[in-house]
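Chain letters run A, B, ... following the sequence lines, proteins first, then strands; residues in each count from 1.
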Amino acid sequence: MITLKCEGLTKNYGQTKALDSVDLTIESGRIVGLLGPNGSGKTTLIKTASRLLVPSAGKIEVCGMRPSEKTKALVAYLPDRDYLPGWMKVSELVGMYRDFFSDFDSARAQGMMNALGLDGNMLLRKLSKGNKEKVQLILTMSRRAKLYLLDEPIAGVDPAARDFILDTILTNYDEEATVLISTHLISDVEKVLDEAIFLKQGRVVLHKPVDDVRQETGMSLDGYFREVFRC
Amino acid sequence: MGWKFDEGSPIYLQLCNVIKSRIASGTYAPGEKLPPVRDLALEAGVNPNTVQRAYSELERDSLVNADRTSGRFVTADEEKIRTLRDMLSSACIEEMFTRLRELGLKDEEIRAAVNEWGYLK
């Protein structure tokens, strides 16, 4: 099963090409790292897949369909910024997700919240930055989606919380689903990845299994990234 | 979280090596059922497909047998496990000799030093 497919996908912001004729095929059951320096098009690609943006040219398909309300039901998207109303309680947010998404598993969400000692009566805005990010991730990962789009899920949290987040991704691993993670913290995520995609100025310059990169270059993914994108 | 991995060599090979050591040492006993892919993936903090690949590799070496319904098992062939242990230990010894020769020790000196080391401990 192909979860995400792009053909000649292009997105222009005025004169700037944020995505420049991207061809990609991602199968189900994969955890994929979307890697590249700032401004390489990672967030644009994710927003196009979640239909927050419309391509300028080319096409993108999620589970064989153009992004639409139908694909939104299949895609769990974690934006790279706070996006939930701070005045809501954690328990109300769980309720909101349950109402919005038919694939939301409340018991799972509750279990993860308890495991982290997150109190349902707390207002979101009263939580620390790290705990806020954990709540957002738990809500996203508690959906039984076909495609998870995680934009910088581990930036700005401490190393212990990073481990928790990666653990959460592994615990929720589903061979029918695909997880696409954009991040700069490559050494933290590389062991959970199947495949890596390197984006450079809106183009795909590498798309390979991580272990192939290690085998062929004799470097870790992090080391190879530093080599490719040396400033 | 998880195990430490070296830079530069494929993670599935490093997983293979850890599992081999566990088989050689008897941590995973002959004929014992191995942890399911998902459990080992969580323990090691790696992608389940990587564990799958490591297991396949060990199946190819016949150190692990897969049963369609009940999972994967360490080989019950104790001879094979002894051979594995010999191979792993000679690799360690070879590495030790290589490094001590680089420090300028002669082979007899290395042997003497190994004996000595036992007493000092």
Side-chain angles (χ1 to χ4, degrees), chain A residues 26-33 112 115-116 148 154 157-181 185-196 208-227, chain B residues 1-23 27-28 33-61 63-64 66-72 88 91 94-95 98-99 102:
Chain A
I26 301 176
E27 304 269 344
S28 58
R30 305 293 161 86
I31 304 177
V32 181
M112 287 195 269
L116 280 178
Y148 297 87
I154 57 174
V157 297
D158 65 74
R162 263 174 229 172
D163 285 352
F164 169 79
I165 289 171
L166 296 176
D167 245 6
T168 305
I169 292 168
L170 286 175
T171 314
N172 288 285
Y173 173 84
D174 171 354
E175 49 193 64
E176 307 223 315
T178 293
V179 184
L180 187 65
I181 308 172
L185 299 165
I186 303 175
S187 59
D188 285 315
V189 299
E190 73 172 285
K191 38 181 211 165
V192 312
L193 301 178
D194 284 291
E195 297 170 8
K208 260 190 196 163
V210 171
D211 267 350
D212 287 7
V213 173
R214 286 174 159 254
Q215 188 116 49
E216 288 162 19
T217 64
M219 281 183 250
S220 64
L221 188 63
D222 185 57
Y224 187 58
F225 181 93
R226 287 165 200 261
E227 183 102 345
Chain B
M1 173 190 87
W3 303 350
K4 284 267 168 243
F5 294 94
D6 297 333
E7 307 262 307
S9 78
I11 290 168
Y12 83 95
L13 284 180
Q14 299 186 49
L15 278 176
C16 273
N17 289 336
V18 174
I19 302 167
K20 278 180 183 170
S21 302
R22 290 183 173 189
I23 292 175
T27 309
Y28 294 151
K33 190 174 187 314
L34 284 165
V37 167
R38 204 175 259 277
D39 294 8
L40 192 62
L42 276 177
E43 186 193 327
V46 302
N47 190 295
N49 294 316
T50 311
V51 174
Q52 186 72 45
R53 190 166 174 196
Y55 274 167
S56 305
E57 197 70 17
L58 296 168
E59 278 171 39
R60 198 163 325 143
D61 295 343
L63 289 166
V64 165
D67 183 289
R68 201 171 276 281
T69 51
S70 45
R72 287 188 180 74
L88 294 177
E94 186 182 336
E95 193 192 330
T98 310
R99 296 182 64 168
E102 280 168 11

Are there residues of residues 208-218 of chain A whose heavy atoms fall under 4.5 Å of chain B's heavy atoms? If so, which? A/Asp211, A/Asp212, A/Arg214, A/Gln215, A/Gly218

Selection residues 12-21 of chain B - residue pairs positive for side chain to side chain donor-acceptor pair (under 3.5 Å), sequence neighbours left out: B/Ser9-B/Gln14

Partners meeting side-chain hydrogen bond (donor to acceptor under 3.5 Å, both in side chains) with B/Asp61 (sequence neighbours left out): none

A/Lys191 and B/Trp3 have their tightest heavy-atom pair at NZ-O, 3.0 Å

Would you say A/Phe225 has more than 12 foreign heavy atoms packed within less than 6.0 Å of its CZ? yes

So what's closer than 4.5 Å to chain B heavy atoms on A/Ile31: side chain, backbone, both or neither? both

Using a heavy-atom distance cut-off of less than 4.5 Å, which residues of residues 47-59 of chain B contact chain A? B/Asn47, B/Pro48, B/Asn49, B/Thr50, B/Arg53

Within 6.0 angstrom of A/Arg226 CZ, more than 12 heavy atoms from elsewhere: no

